[in-house]
Amino acid sequence: MPAPTPIILDCDPGTDDALALLLALASPELDVLAVTAAGGNVGLELTLRNALALTALAGSRAPVYSGADRPLLGAFVNAPRVHGVDGLGGIALPSGGSPAPGIASDAIRAILRSAQRPVTLVGIAPATNLALALASEPKLAGNVERIVLMSGAWGEGNATPAAEFNALNDPEALEILLASGRPVELATLELTAQAQATPERIAALRAAGTGRSLKTACDIQASVPSSPRRGHGAGAPLHDPCAIAYLIRPDLFTTRACSVRMDLGPGPSRGRTVIDRWDSTSAPHNATVLETINADAFFALLGERLARLP
Ligand code: RIB
Ligand code: CA
């Protein structure tokens with residue numbers, strides 16, 4: 001097996017973040033150098049607490065850093081309807097340890113500065129921490145292998161008609177990453193909608209093993225309300241784990257190089273990712289967008305990996 005890919009995982013747990021974090025910690029293809037928490041789905045105090053608890057649940061010693069409690073401009077808009085007021089659908093976990101000293105953006109820069117190999121930045125939250133790190137020391141982008149994000153949408157948003165939640169919560173941060181000069185790869189809402197965590201799939205996950213992490217992951221996901229407004233029927237799209245699975249099994253995905261531009265205005269389309277899927281403009285390709293996923297294989301991978309955890 002090739003050497004594991006060093007990653008920094010920036011998250012806002014968050015029900016789908018929880019499964020993504022556990023998947024990353026369970027996968028030998030990845031070396032999770034650090035977990036960084038941002039506000040987003042719920043406030044930073046809760047996302048940090050949840051990240052610490054999940055990392056401890058997985059038996060990982062990865063350091064967890066506290067990060068941004070607000071975007072570069074304005075304030076985060078939380079999503080308690082989806083994630084519960086505690087961020088994990090009311091599923092109580094034993095508390096984790098204490099956060100590592102310092103703040104996320106400083107930790108990201110320190111890791112990049114001393115990295116022996118280029119590091120992959122993985123963002124499944126509003127991108128504030130990642131953007132602060134790269135904007136305050138741009139030359140460190142040279143130590144970034146790639147930036148893989150769950151963010152954006154070709155079309156309809158889920159936070160507003162125009163914008164996906166992570167992109168809306170810090171559009172300037174996403175713009176900074178798109179302009180970083182490093183490869184940016186996006187798992188958008190259209191990709192994650194293909195990974196619908198139906199009751200049947202959650203039942204199959206439960207049957208994959210007997211560990212507490214797997215059970216907890218299934219309990220958390222089962223707490224998520226169905227998203228009928230997007231016509232998906234029972235269950236909800238499993239957004240964030242798609243970004244992790246892409247790192248582990250890129251063969252389960254198809255992708256397309258595109259230009260992606262941000263709407264940074266104050267109006268109703270703020271936070272929209274304007275993705276030129278058919279090259280209808282002459283805008284340069286500055287991102288790769290994940291187009292399809294083999295959903296059955298994705299859920300099989302998720303179950304096999306979560307079953308490895310304690
Ligand atoms: O739009 C889905 C994204 O927003 C996911 O990362 C989810 O956790 C929320 O943060
Ligand atoms: Ca998230």
Side-chain angles (χ1 to χ4, degrees), residues 8-24 35-44 46-51 54 64 67-71 75-89 91 104 121-130 147-171 173-174 177 185-197 217 220-221 223-227 229-230 232 235-247 270-273 275 289-290 293:
I8 294 171
L9 180 53
D10 188 59
C11 57
D12 62 332
T15 51
D16 57 326
D17 301 70
L19 275 73
L21 178 52
L22 293 174
L23 175 59
V35 176
T36 54
N41 288 320
V42 289
L44 174 63
L46 288 170
T47 59
L48 176 61
R49 184 200 71 176
N50 295 340
L54 290 157
V64 180
D69 68 354
R70 71 200 68 182
F76 287 135
V77 177
N78 300 141
R81 185 190 65 78
V82 174
H83 301 274
V85 293
D86 66 339
L88 295 180
I91 306 303
L121 301 182
V122 185
I124 55 175
T128 316
N129 290 330
L130 300 178
I147 302 171
V148 178
L149 306 173
M150 190 280 135
S151 189
W154 306 103
E156 187 183 22
N158 60 349
T160 69
E164 178 277 327
F165 181 89
N166 289 331
L168 175 72
N169 260 309
D170 201 335
L174 182 50
L177 299 186
E185 298 166 270
L186 297 179
T188 67
L189 290 180
E190 288 79 10
L191 187 280
T192 64
Q194 299 169 47
Q196 184 75 353
I220 289 171
Q221 189 57 35
S223 77
V224 178
S226 289
S227 56
R229 70 187 183 92
R230 295 183 63 82
H232 299 311
L238 197 46
H239 302 293
D240 292 340
C242 289
I244 305 300
Y246 177 60
L247 291 168
R270 175 168 171 78
R272 185 183 174 205
T273 47
I275 300 174
V289 181
L290 279 58
I293 181 173

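When a ligand or atom number is given, it counts from 1 through the structure's own listing order.
Checked by atom type, the side-chain pair Asn78/Asn41 shows no donor-acceptor distance below 3.5 Å.
With waters left out, the protein N, O or S atoms under 3.0 Å from the Ca ion (ligand 2) add up to 5.
The shortest side-chain heavy-atom distance between Leu19 and Gln221 falls under the 4.5 Å cut-off. Counting only heavy atoms from C-beta outward, the side chains of Asp10 and Leu121 never approach each other to under 4.5 Å. For the pair Phe76/Thr47, no side-chain contact is recorded, criterion being any heavy-atom separation below 4.5 Å from C-beta on. You'll find the side chain of Asn166 reaches within 4.5 Å of the side chain of Met150, heavy atoms only. Using a 4.5 Å heavy-atom threshold, the side chains of Val85 and Val42 count as separate.
For CZ of Arg70, the number of neighbouring non-hydrogen atoms (other residues, nucleotides, ligands) closer than 6.0 Å is 12 at most.
Among all heavy-atom pairs drawn from Leu189 and His239, the shortest one is CD2-CE1, 3.6 Å.
Contact shell of ligand 1 (protein heavy atoms, cutoff 4.0 Å): Asp12, Asp16, Asp17, Asn41, His83, Ile124, Met150, Asn158, Glu164, Phe165, Asn166, Leu189, His239, Asp240.
Under a 3.5 Å cut-off, the side chain of Gln194 and the backbone N or O of Ile293 do form a donor-acceptor pair.
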